[in-house]
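One structure below.
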Amino acid sequence: EVQLQASGGGLVQAGASLRLSCAASGFTFDKYAAGWFRQVPGKEREVVSCINSIDGRRYYADSVRDRFTISSDNSNNTVYLQMNSLKVEDSAVYYCASDPNARWDSVTREVRAYDYWGLGTQVTVSS
C-alpha cells in the first residue's frame, strides 16, 4: 500500500523558514515524480513544486521560485520542500503527491497527474 506522510508545517512569522518532509512507503523510490501542492479554503489546490527522480528536473511555481527548494533523499524515501523567506500568502495546507510513472510534461503541474496523496500539513505565516 502506497503511503505518503507529510510533516513539518507550523506557525511562523513572515521571513522565516520551514522545511516540509514527505515520507513515502509502499513503492520503489527510484522512479517517480513528486509534487508539493497547496490549498487554501475556497480555492483550488495549486502546484508549488515538482521533482522527477529520473533526471532530477524540477519545476517551481512563479510565486515560490527563488524562495523554495525541492529535493529528495532516495535512501530515506523522502522528498523535501525547503521554504525560505516565507510570506503571509504562503499560508495554506501543503500536500505531497507522487506519480509512480514519473511522467514529466505540462500535466505534471496538475493535480490529475498524481496517483497518490498524503494528508496535508498546515503552514501559517503571520505578519
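For Gln3, there are no side-chain hydrogen bond (donor to acceptor under 3.5 Å, both in side chains) partners two or more places apart in sequence or in a different chain. Partners of Ser17 according to the side chain to side chain contact (heavy atoms under 4.5 Å, CB included) rule, which considers only residues two or more places apart in sequence or in another chain, are Gln82, Asn84. When the side-chain hydrogen bond (donor to acceptor under 3.5 Å, both in side chains) test is applied to Arg65, the partners found at least two apart in sequence or on another chain are Asp62. Scanning for side-chain hydrogen bond (donor to acceptor under 3.5 Å, both in side chains) contacts around Arg67 gives Asp90, with sequence neighbours left out. Under the side chain to side chain contact (heavy atoms under 4.5 Å, CB included) criterion, Ser63 pairs with Arg38, Ala61, sequence neighbours left out. In terms of the side chain to side chain contact (heavy atoms under 4.5 Å, CB included) criterion, residue partners of Val88 (sequence neighbours excluded) are, by chain and number, Ser127. Partners of Ile54 under the side chain to side chain contact (heavy atoms under 4.5 Å, CB included) rule, at least two apart in sequence or in another chain, are Lys31, Asn52, Ala102. Every residue meeting the side-chain hydrogen bond (donor to acceptor under 3.5 Å, both in side chains) condition with Arg57, not counting sequence neighbours, appears here in chain and number order: Asp55.
With a 4.5 Å cut-off on side-chain heavy atoms, Val12 and Thr124 do not count as touching. Under the 4.5 Å side-chain criterion, counting only non-hydrogen atoms from C-beta, Val93 is not in contact with Thr121. Between Leu20 and Val123 there is a side-chain heavy-atom pair separated by less than 4.5 Å. Put simply, the side chain of Tyr32 reaches to within 4.5 Å of the side chain of Val79, judged on heavy atoms.
A pairwise comparison of heavy atoms in Thr108 and Ala113 identifies CA-CB, 4.0 Å as the closest pair. Of all heavy-atom pairs spanning Ser72 and Ile51, the tightest one is OG-CD1, 4.0 Å. Of all the heavy atoms in Ser91 and Val125, the pair that sits closest is OG-N, 2.8 Å.
Other residues, nucleotides and ligands contribute more than 12 heavy atoms inside 6.0 Å of the CG atom of Leu11. Counted within 6.0 Å of CD on Glu89, heavy atoms from surrounding residues, nucleotides or ligands total more than 12; the atom is thus considered enclosed. Around CD of Gln122, the count of heavy atoms belonging to other residues, nucleotides or ligands within 6.0 Å exceeds 12.
Hydrophobic clustering of Ile, Leu, Val, Met, Phe, Trp and Tyr side chains at less than 4.5 Å, counting indirect connections, keeps Leu81 apart from Val47.
Between the side chain of Asp105 and the backbone N or O of Val107, at least one donor-acceptor pair lies under 3.5 Å. Between the side chain of Asn101 and the main chain of Arg103, no donor-acceptor pair closer than 3.5 Å is present.
Rounding to the nearest 0.5 angstrom, the gap separating the CG atom in Asn77 from the CG atom in Leu4 is 10.5 Å. Annotation: the span from Gln5 atom CD to Ser25 atom OG amounts to 9.0 Å, rounded to 0.5 Å. The structure places CG of Asp99 at 9.5 Å from OG of Ser53, a figure rounded to the nearest 0.5 Å. Here CE of Met83 is found 11.5 Å from CZ of Arg19. Values are rounded to the nearest 0.5 Å.
Sorted by first then second residue, the disulfide (SG to SG under 2.5 Å) pairs that include residues 63-127, not counting sequence neighbours, are Cys22-Cys96. Within the structure, every pair that satisfies the salt bridge (charged side-chain N to carboxylate O under 4.0 Å, His left out) test and touches residues 112-127, not counting sequence neighbours, is listed here: Glu110-Arg112. Sequence neighbours left out, not one pair with a member in residues 59-101 passes ring-ring contact (aromatic ring centres under 6.0 Å, His included). Applying the ring-ring contact (aromatic ring centres under 6.0 Å, His included) test to residues at least two apart or on different chains, the pairs with a partner in residues 99-127 are Phe37-Tyr114, Phe37-Trp117.
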